[in-house]
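The structure under discussion appears below in the form of structure tokens.
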Number of protein chains: 2
Amino acid sequence: MSGALSETGEASDDALIAPAFTCGLDATLRIISGKWKPLILYFLLRGPNRYGELKRAVRDVSDKVLIQQLKELDADGVLLRTDYKEVPPRVDYTLTPLGRSLAQALEPLCAWGTENMAEMQRIFAERDAWQRPRPARPK
Amino acid sequence: MSGALSETGEASDDALIAPAFTCGLDATLRIISGKWKPLILYFLLRGPNRYGELKRAVRDVSDKVLIQQLKELDADGVLLRTDYKEVPPRVDYTLTPLGRSLAQALEPLCAWGTENMAEMQRIFAERDAWQRPRPARPK
DNA sequence: CAGTATCCAACAAGATACTG
DNA sequence: CAGTATCTTGTTGGATACTG
């Protein structure tokens, strides 16, 4: 993915990590890439959340995938999992300071989507029109 | 992906597109999802670019994928492809106003990555440590 | 230079079933 | 409630070769 190595061997003194681009954007992208991660982060901005709440908020996500993405976000230090070790189980997820700042950086994207909602509708409608009209009979 | 259909058949009057979340974030995500799209957009913010420049800027991307993502961004109305119909061929890509505003909304993410560069290094190093040490000799 | 055309591998994600 | 364990699928993306 990132060829962090510059075997041309002389231009790597101006950047510490793979200078895949002129800014930190790709570093950020590696953290938030995952279908539901931005949504999870943004949702957690409102406060700590139990697993079930999260799952209801991020609709259409399966347990498997949600847990998986939560684990990765945890491992990356943007959120914290707290298991209260009660019965019935209670677990909640909270943003770390790092995670909070990341989630805040997502706000402009959210705002953009909201402001351009009309445009978005048009775009998605057009996309669906081009996607082969697979009737997609939902069973 | 988006189950925009509510076959329960009555709750779809309060939202025009799938209200997958409480804000426009997921709409935005559907535009910029694609491994290189955010990078492309952000790069184009500096001005129009010819195909070759883009390809050099977004390193490690193949022609196939680059073209594919450019086409999608074009179809979505965030950028414009201009073919000058010369020989040798000259084509350039420019952001539309919509695309420009989107690219600008990416700036905080870029800044976040830059500000937390040290953290990012740590994270990626740790990730690589856990990924099974598949030598992955690149070439 | 700016692509197109195939073919293929990888991984993310979904369905389903089961558990402490 | 909050997961885990498999299995399967589908979409992305990449390698390679070729073209106007």
Side-chain angles (χ1 to χ4, degrees), chain A residues 1-3 20 26 29-40 48-75 79-94 127-128 130-132 134 136 138-139, chain B residues 1-3 20 26 29-40 48-74 79-94 127 130-132 134-139:
Chain A
M1 201 163 269
S2 85
D26 59 334
L29 293 172
R30 286 213 264 282
I31 301 288
I32 61 174
S33 70
K35 190 168 177 184
W36 310 100
K37 284 183 187 176
L39 258 23
I40 292 168
N49 278 278
R50 297 186 54 172
Y51 178 80
E53 299 179 81
L54 231 39
K55 174 152 191 197
R56 270 184 298 281
V58 182
R59 291 183 303 188
D60 304 324
V61 70
S62 67
D63 284 314
K64 184 204 139 194
V65 173
L66 180 54
I67 287 292
Q68 182 182 292
Q69 309 223 336
L70 285 169
K71 271 185 180 157
E72 289 171 11
L73 291 170
D74 186 8
L79 63 76
L80 204 64
R81 193 190 102 115
T82 309
D83 185 343
Y84 294 93
K85 293 175 195 301
E86 301 172 351
V87 281
R90 183 162 67 102
V91 172
D92 66 24
Y93 294 87
T94 322
R127 276 193 191 181
D128 291 348
W130 280 124
Q131 269 171 62
R132 114 192 23 145
R134 180 185 351 177
K139 181 183 315 181
Chain B
M1 212 154 274
S2 85
D26 58 335
L29 292 173
R30 287 213 263 282
I31 301 288
I32 61 174
S33 69
K35 190 167 175 182
W36 310 99
K37 285 183 186 174
L39 258 23
I40 292 168
N49 278 277
R50 298 187 54 172
Y51 177 81
E53 299 179 83
L54 231 41
K55 174 151 191 199
R56 271 185 297 282
V58 183
R59 292 184 302 190
D60 304 325
V61 71
S62 67
D63 284 314
K64 184 205 140 194
V65 172
L66 181 54
I67 287 292
Q68 181 182 292
Q69 311 225 334
L70 286 169
K71 271 185 180 157
E72 289 171 10
L73 291 170
D74 186 9
L79 62 77
L80 204 64
R81 194 191 101 116
T82 308
D83 185 343
Y84 294 93
K85 294 176 194 298
E86 301 173 348
V87 279
R90 183 161 66 103
V91 172
D92 66 25
Y93 295 87
T94 323
R127 276 194 191 179
W130 279 124
Q131 270 171 63
R132 120 191 13 150
R134 183 190 342 181
R137 276 250 161 276
K139 174 194 325 192

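By convention in this document, chain letters (A, B, ...) are assigned in the order of the sequence lines, proteins followed by strands, and residues within each chain are numbered from 1. Keep in mind that this is a model prediction, so the values were computed, not measured. Computed from heavy atoms alone, side chains included, the values below leave out hydrogens, waters and symmetry copies.
B/Ser33 pairs by the side chain to side chain contact (heavy atoms under 4.5 Å, CB included) definition with nothing, not counting sequence neighbours. A/Gln68 meets the side chain to side chain donor-acceptor pair (under 3.5 Å) test with no other residue; sequence neighbours excluded. B/Asn49 pairs by the side chain to side chain donor-acceptor pair (under 3.5 Å) definition with nothing, not counting sequence neighbours. By the salt bridge (Lys or Arg N to Asp or Glu O under 4.0 Å) test, B/Lys55 is found to be paired with B/Asp63, residues two or more places apart in sequence or in another chain being considered. Judged as a side chain to side chain contact (heavy atoms under 4.5 Å, CB included), and not counting sequence neighbours, the contacts of A/Val65 are A/Trp36, A/Val61, A/Ser62, A/Gln69. For B/Arg56, the salt bridge (Lys or Arg N to Asp or Glu O under 4.0 Å) test picks out no residue, with sequence neighbours left out. For B/Glu53, the salt bridge (Lys or Arg N to Asp or Glu O under 4.0 Å) criterion is met by no residue, not counting sequence neighbours.
At whole-Å resolution of the value, NZ in B/Lys35 and P in C/dA9 are 17 Å apart. Rounded to whole Å, atom P of C/dA12 lies 7 Å from atom CD of A/Glu72. If you measure from atom CG of B/Leu29 to atom P of C/dA12, you get 17 Å, rounded to the nearest angstrom. The CG-P distance, from A/Leu70 to D/dG3, rounds to 8 Å in whole Å. Computed from coordinates, the A/Leu66 CG to D/dC1 P distance equals 14 Å when rounded to whole Å. Look at NZ on A/Lys55: it is 11 Å from P on D/dG3, rounded to the nearest Å. For A/Leu39 and C/dA12, the CG to C1' distance is 16 Å, given to the nearest whole Å. We find that CZ of B/Arg50 is positioned 10 Å from P of C/dG3, with the value rounded to whole Å.
Side-chain atoms of B/Val91 lie closest to C/dA2 of the nucleotides D/dG13, C/dA2, C/dA13.
For the pair A/Gln69 and C/dA13, the criterion of a side-chain N or O lying under 4.0 Å from OP1 or OP2 is met.
Here NZ of B/Lys37 is found 3.5 Å from CD of B/Glu72. Values are rounded to the nearest 0.5 Å. Rounded to the nearest 0.5 angstrom, B/Thr94 OG1 and B/Arg81 CZ are separated by 11.5 Å. Of the inter-residue distances, the one linking B/Leu79 atom CG with B/Tyr93 atom OH reads 8.0 Å to the nearest 0.5 angstrom. Distance check, rounded to the nearest 0.5 Å: CG of B/Leu39 to CG of A/Asp26 gives 5.5 Å.
For DNA chain C, each stem of at least three Watson-Crick or G-U pairs (distances under 3.5 Å) is given as range with range: C:1-20 with D:1-20.
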Extract from the structure each pairing of a protein N or O with an N or O of nucleotides 4-7 of chain D at less than 3.5 Å, listing the distance.
residue	atom	partner	partner atom	Å
D/dT4	OP1	A/Lys71	NZ	3.3
D/dT4	OP2	A/Lys71	NZ	3.4

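For DNA chain C, the residues of residues 82-90 of chain B within the heavy-atom distance limit of 4.0 Å (strictly under) are B/Pro89, B/Arg90, sorted by number.
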